[in-house]
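Right, one structure below, let's go through it.
All values reported here derive from a predicted model rather than from experimental measurement.
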Amino acid sequence: MKAFLYRTGRESFRRRRLVTLVWVVVLVALGFGAATLSKPTVESFSIPDTESQRAIDLLTERFPQAAADGAVARVVIVAPEGQKVTDPERRKAVEEVVDRLTKAPEVAGVADPFEAESISPDERMALVQVDYREPSSELTDTDREALFDSAEPGEKAGLTVEFGGDAPKGAPEEGGSELIGVVVAAVVLVITFGSLVAAGLPLLTALLGVGISLCAVQASSSFIELNSDTPALALMLGLAVSIDYALFLSFRYREELLSGRPPEESIGRAVSTAGSAVIFAGVTVIIALVGLSVVGIPILTQIGVAAALTVAVAVLVALTLLPALLGFVGARVLGRRGHAEQRAVTDPEADRAPLAPKEGGGESRRRGTDADKPAMGLRWVRMVARRPVLFLVAASAALLVLALPAADIRLGLPDDGSEPTHTTQRKAYDLVTEGFGPGHNGPLTVVVDAKDGGDAQAAAQQVSDGIADLPDVESVSPPVPNESGDTVLMQVTPKSSPASAATEDLVGDIRDRAATVHSDTGAAVAVTGTTALNIDISQRIADTLLPYLAVVVGLAFLLLMVMFRSILVPLKAALGFLLSLAATFGMMVAVFQWGWAVDVLGVSAPGLIVNLLPVIIIGLVFGLAMDYEVFLVSRMREAYVHDGRPREAVVDGFAHSARVVTAAVLIMISVFSGFVLSESTMLQAFGLSLAAAVFFDALVVRMTIVPAVMVLLGRRAWSLPGPLDRLLPHIDIEGDAEETRTDPDVHASVPGPGGTQPTSDARLR
């Protein structure tokens with residue numbers, strides 16, 4: 001593989017105009033496809049093989065007038081303080097609002113508050129439920145405008161009208177929050193490289209790669225129903241990894257130039273070394289993302305495949321387009337400081353300059369590079385290497401303390417009560433809670449199916465009586481049969497809010513009683529509605545978290561074992577990831593569930609963890625964690641293969657990687673933090689959680705625990721039992737195969753553990 005990558009880098013460098021043209025054509029073609037084929041994204045999603053989804057499908061078939069999968073609006077009409085909506089003048093205004101709602105497009109039915117007796121005890125509020133034929137994702141801006149315009153008669157009469165439910169919600173308006181992360185990334189790149197040209201190339205390739213990926217994702221919406229969060233999450237991850245991969249390759253190219261090699265040779269060596277790490281890191285991320293499909297929730301499969309596509313494109317762009325663009329700029333990527341360092345290497349007088357001292361004695365092989373001076377990364381790893389047990393225990397203890405809140409994690413989906421206080425949804429939620437009780441914000445739908453036998457009405461009455469006796473039930477509506485009389489529908493209003501643990505327990509209690517009804521009458525009973533559907537999604541995710549984690553970690557463990565020819569290195573990587581993941585979950589609970597520091601961070605605290613968040617965080621964070629593991633440990637292995645001294649290899653490999661890995665971490669955190677400014681509560685949670693996860697995993701685990709463990713393991717880190725060594729394929733990563741030119745007329749010599757050895761092109765093949 002190393003020889004292939006070497007040729008790929010040099011050919012892309014030589015044929016830079018053709019390579020660049022091909023990528024531009026791909027971008028234009030996919031952009032045209034996205035512009036002509038893409039369809040609007042959707043907000044809702046289904047979860048197959050759950051009781052709530054099966055009940056929705058049943059109602060759609062037998063009770064279409066119920067519009068089970070349609071959007072719902074809860075319209076709250078409030079009279080001024082000291083007045084009542086039942087007064088003749090205000091009642092007339094309420095009836096005019098109801099009339100307008102009835103005539104609004106896509107409305108299937110409107111419950112008149114006076115007939116349905118949905119008037120608050122003090123008669124100051126009226127609650128109108130509006131059922132739509134189409135789900136919220138299918139409603140247009142015109143449909144929503146008609147909904148909001150219905151408030152006009154009430155507002156003219158001095159009434160306050162607010163709108164809750166999912167019908168008023170359009171797709172969140174995303175501003176340029178992600179651009180803030182890109183700007184910070186640009187600043188970090190300029191500081192890292194000391195050159196505007198060098199800083200601009202990773203950004204340029206990242207934008208082009210993400211553009212290609214997003215165009216492909218948008219074009220796919222013509223063939224599949226695409227959730228609105230899918231492109232945003234693909235953008236979030238695509239920006240981060242694209243910049244990171246280009247950064248690692250550019251930095252290695254710069255190192256090769258500084259060592260005195262010509263640009264074409266430098267790019268070949270950079271792609272053959274750092275490029276192999278990019279491939280393995282990218283494959284690990286892709287495994288983690290595609291593994292989301294094992295959960296069995298379509299939206300997670302969408303997000304995983306879309307994000308995996310962006311990672312695959314990022315790898316290809318880094319290995320081909322970046323070398324082509326470097327071919328246009330050549331040595332200008334070094335900047336003034338880099339040119340001065342390069343001259344120090346190529347100037348014969350520089351040979352008489354004293355060599356820099358090296359950790360563990362001896363002298364540094366490389367002059368004119370950052371490795372010659374005691375940079376912060378070198379000073380840090382020397383401290384860790386001197387006291388590995390202290391740093392290992394301290395870092396692990398800190399992460400375990402941060403992980404403590406994770407024991408209280410509760411999954412769910414935010415309701416209108418978690419919306420910003422200025423929104424009409426939040427105002428409606430608070431008014432309903434005040435006037436009617438929190439349960440009216442999310443009533444449950446109970447379906448009785450007697451098609452296979454039994455008396456539907458008798459079964460429904462038994463269900464109604466049993467539910468009414470439950471402690472958290474406020475009311476049960478009269479059973480309503482369909483035209484054929486084999487299906488009965490009723491509405492249950494809890495006393496507690498939709499997202500509360502009490503409502504979750506109530507759904508479980510109703511389902512427990514349904515089993516008794518089925519054995520007595522033969523009728524099947526199911527609980528559905530938005531609240532029940534959210535509970536089922538949370539339960540499905542909770543049940544699949546451990547199997548998903550096992551699949552992802554297991555596959556990545558095998559990949560890392562092949563890559564590093566070691567059992568202890570992938571084991572250390574997996575355990576370190578679990579530590580950082582636990583700390584991330586602890587932060588999520590403390591902020592989004594307990595509400596700690598929400599004002600400082602500028603995020604909303606829904607009082608629970610968005611149920612999709614943990615499983616996606618596992619996939620993304622594991623992939624990113626293995627990125628840094630690969631980049632750091634591959635340089636350590638390269639140093640070990642060259643020198644054969646394990647402790648010095650850890651110090652040398654870390655010193656050569658620390659600066660670029662730190663820059664990559666800052667870029668990742670910057671890109672993810674930009675999404676905290678989003679209007680979407682879900683994207684806020686993803687952005688902050690990923691930023692925290694990268695901080696914990698990269699700066700605490702990879703840059704503290706990893707060198708400490710590697711020093712303690714010594715040579716054992718690179719050992720592999722004989723049977724496994726013979727069974728596993730040999731893949732040449734950084735340091736495994738000798739660096740060489742692949743042109744048949746060029747030979748090179750590289751230092752190996754036993755000294756300098758000549759290398760031929762045939763050896764690599």
Calculate, to the nearest 0.5 Å, the distance between atoms CG and OG belonging to Asp505 and Ser496 respectively. 8.5 Å
Only pairs at least two apart or in different chains count here, so list each side-chain hydrogen bond (donor to acceptor under 3.5 Å, both in side chains) that has a residue in residues 594-606. Asp408-Trp594
How about Leu581 and Ile617: do any of their side-chain heavy atoms sit closer than 4.5 Å? yes
Using distance alone, with no hydrogens and no angle criterion, decide if Thr503 and Ser500 have a side-chain donor and acceptor under 3.5 Å apart. yes
Go through the steps to decide whether Val447 and Leu59 satisfy the test side chain to side chain contact (heavy atoms under 4.5 Å, CB included), and finish with yes or no. CA-CA 8 Å; Val447 183; Leu59 289 174; 3.6 Å; yes
List in chain and number order the residues that pass side-chain hydrogen bond (donor to acceptor under 3.5 Å, both in side chains) with Thr140, two or more places apart in sequence or in another chain; answer none if no residue qualifies. Asp143
Sub-4.5 Å side-chain heavy-atom contact between Leu402 and Leu400: no
Minimal heavy-atom distance between Leu139 and Arg144, with the atoms involved, is O-NH1, 3.0 Å
Under a 4.5 Å cut-off applied to non-hydrogen side-chain atoms, are Val492 and Val473 in contact? yes
So among Asp415, Thr433, Asp416, which one has a side chain to side chain donor-acceptor pair (under 3.5 Å) with Asn441? Thr433
With side chain to side chain contact (heavy atoms under 4.5 Å, CB included) as the test, would you mind laying out the steps for Tyr429 and Glu162 before giving the verdict? CA-CA 9 Å; Tyr429 182 94; Glu162 302 292 350; over 6 Å; no
For residues Gln83 and Arg124, is any side-chain donor paired with an opposing acceptor at under 3.5 Å? no
Is there a side-chain contact between Leu411 and Ile541 in this structure, where contact means two heavy atoms from C-beta onward sitting under 4.5 Å apart? yes
Here the pair of heavy atoms bringing Phe592 nearest to Gln684 is CZ-O, 4.1 Å
Derivation and outcome, side chain to side chain contact (heavy atoms under 4.5 Å, CB included), residues Val128 and Ile77: CA-CA 8 Å; Val128 184; Ile77 307 173; 4.1 Å; yes
Who passes ring pair (Phe, Tyr, Trp, His ring centres under 6.0 Å) against Phe163, sequence neighbours left out? Phe148
Go through the side-chain N and O atoms of Asn611 and Ser538 and say whether any donor and acceptor fall under 3.5 Å apart. yes
Is any side-chain heavy atom of Thr530 closer than 4.5 Å to a side-chain heavy atom of Pro498? no
Of all residues at least two apart in sequence or in a different chain, which pass the side-chain contact (heavy atoms from CB on, under 4.5 Å) check with Asp486? Arg62, Lys451, Asn482, Ser484
Is it true that a side-chain atom of Ser120 and a backbone atom of Met125 form a donor plus acceptor pair closer than 3.5 Å? yes
Are any non-hydrogen side-chain atoms of Asp543 and Gln539 less than 4.5 angstrom apart? yes
Short side-chain donor-acceptor distance under 3.5 Å, Asp49 and Gln53: no
For Pro113, the option from Val94, Thr86, Val75 that meets side-chain contact (heavy atoms from CB on, under 4.5 Å): Val94
Which of Thr528, Asp536, Asn534 passes side chain to side chain donor-acceptor pair (under 3.5 Å) with Ser52? It is Asp536
Close side-chain approach of Gln425 and Lys169, heavy atoms under 4.5 Å: yes
Side chain to side chain donor-acceptor pair (under 3.5 Å) test vs His440 passes for just one of Lys495, Glu474, Arg74, Gln129, namely Glu474
Test: Lys103 and Asp99 ion pair at under 4.0 Å: yes
Sub-3.5 Å donor-acceptor pair from the side chain of Thr521 to the main-chain atoms of Val517, do we have one? yes
Salt bridge flag under 4.0 Å for residues Glu96 and Arg100: no
In terms of heavy-atom contacts, Pro80 and Leu159 come closest through CD-CD2, 4.2 Å
Residues in side-chain contact (heavy atoms from CB on, under 4.5 Å) contact with Thr544, at least two apart in sequence or another chain: Val295, Arg540
Tell me whether Asp141 at atom CG has more than 12 heavy atoms from other residues, nucleotides or ligands lying less than 6.0 Å away. no
Arg91 and Asp87: CA distance, side-chain angles, deciding distance, salt bridge (charged side-chain N to carboxylate O under 4.0 Å, His left out) verdict: CA-CA 6 Å; Arg91 176 168 180 151; Asp87 294 339; over 6 Å; no
Holding to side-chain hydrogen bond (donor to acceptor under 3.5 Å, both in side chains), I want the full list of residues that pass it with Gln491, two or more places apart in sequence or in another chain. none
Evaluation steps, side chain to side chain contact (heavy atoms under 4.5 Å, CB included), between Leu289 and Val305: CA-CA 7 Å; Leu289 293 170; Val305 172; over 6 Å; no
